[in-house]
2 protein chains.
Amino acid sequence: MSSDVRFCPRKTVEQVEEGDELAPRFDEHGLIPVVTTDFTSGELLMHAYMNAEALAKTIETGEAHYWSRSRQAIWHKGATSGLIQRVKELRIDDDQDCVWLRVEVAGGASCHVGYRSCFYRTVPIGAEGKAAGHRLRFTEQEKVFDPKDVYGDAPNPTQL
Amino acid sequence: MSSDVRFCPRKTVEQVEEGDELAPRFDEHGLIPVVTTDFTSGELLMHAYMNAEALAKTIETGEAHYWSRSRQAIWHKGATSGLIQRVKELRIDDDQDCVWLRVEVAGGASCHVGYRSCFYRTVPIGAEGKAAGHRLRFTEQEKVFDPKDVYGDAPNPTQL
């Protein structure tokens, strides 16, 4: 990796939680989960993963890069769809095993199904959930784009 | 599990992405990642995991339950600290392998280190990051509580 971004070794709990060293913890697959929200609305857009290279590229370029688990490749979000995510703020959590990206999205959509957010359905809870037979409810009625127009015949990343 | 919440088997991509059946995908450890944001401010509070029982309990009770990977046990958030998370909305993503909780937090803090959010540090990006030597910056100056008062001698969950 030709990046100038270096990750520090994890030495103590105090260093990781209370310090100013970037010492991310990657899991047994070399990945760290990423939460991506819309900078303006605060809406949760997607949940994905980065490997060390994707995190370094995101920090360097200010554009979201992920690791695609279905394609097993670095994934510069928007390279295919044009829906680039410009990172306005990048945060890391207490034990540095999760990244939060606050982004502006060109084109207004982040979800491969065509919706603005990947989280376009609610699960009703409590008594309401029981009454609804735990059926999901849609929060977005209209897709922002037609996935066929954008992705063509590329395989759907959803795995059963 | 005595719950009346039932998860549907995952049959087709269309069912999972476009349907109203709750058919969550748990990973090889039986877990699903959860993103928890503050209902009012939209701030990201924490990233955690649920197993099937924790998800069912959350849906039934309207209070956030997680799976603690460090303690290997169901974790009713706030049972020790009093910082209960009341779920105002629960969403699931396109391929149903991630849950979004929008919560109100009793006591105003969610982080075991004592901050309001677990994500209390930014990673500077682009030229700014280079200039800062990629040092983290704190976004919260004051802790909401002292972890020693709340957790006493309980082991810190952060793993190196």
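These figures come from a predicted structure and were not determined experimentally. First the proteins, then the strands, lettered A, B, ... as listed; each starts at 1.
Contact of A:Glu18 with chain B is made through backbone and side chain together, with heavy-atom distances under 4.5 Å. Looking at A:Pro124, the atoms closer than 4.5 Å to chain B (heavy atoms on both sides) all sit in the backbone: N, CA, C or O. With a threshold of 4.5 angstrom between heavy atoms, A:Ser41 does not approach chain B through any atom at all. Both the backbone and the side chain of A:Val16 come within less than 4.5 Å of a heavy atom of chain B. In this structure, the portion of A:Arg25 lying under 4.5 Å from any heavy atom of chain B is its side chain and not its backbone.
At least one side-chain heavy atom of B:Val123 sits less than 4.5 Å from a side-chain heavy atom of A:Ile59. No side-chain heavy atom of B:Gln159 sits under 4.5 Å from any side-chain heavy atom of A:Asp97. Using a 4.5 Å heavy-atom threshold, the side chains of B:Leu44 and A:Arg91 count as separate.
Aromatic ring orientation, A:Phe119 versus B:Trp100: perpendicular (interplanar angle above 60°, classes split at 30° and 60°).
Chosen from A:Thr158, A:Thr58, A:Asp95, the residue pairing most often with chain B at heavy-atom distances under 4.5 Å is A:Thr158. Of the listed residues (A:Gly19, A:Gly42, A:Pro9), the one with the most heavy-atom contacts under 4.5 Å to chain B is A:Gly19. Among the candidates A:Ser117, A:Gly129, A:Cys98, A:Cys111, the residue making the largest number of heavy-atom pairs closer than 4.5 Å to chain B is A:Cys98. Among A:Glu21, A:Lys11, A:Gln15, the residue with the largest count of heavy-atom pairs under 4.5 Å with chain B is A:Glu21.
We find that A:Glu89 and B:Arg137 are not joined by a salt bridge, their nearest charged nitrogen and carboxylate oxygen being 4.0 Å or further apart.
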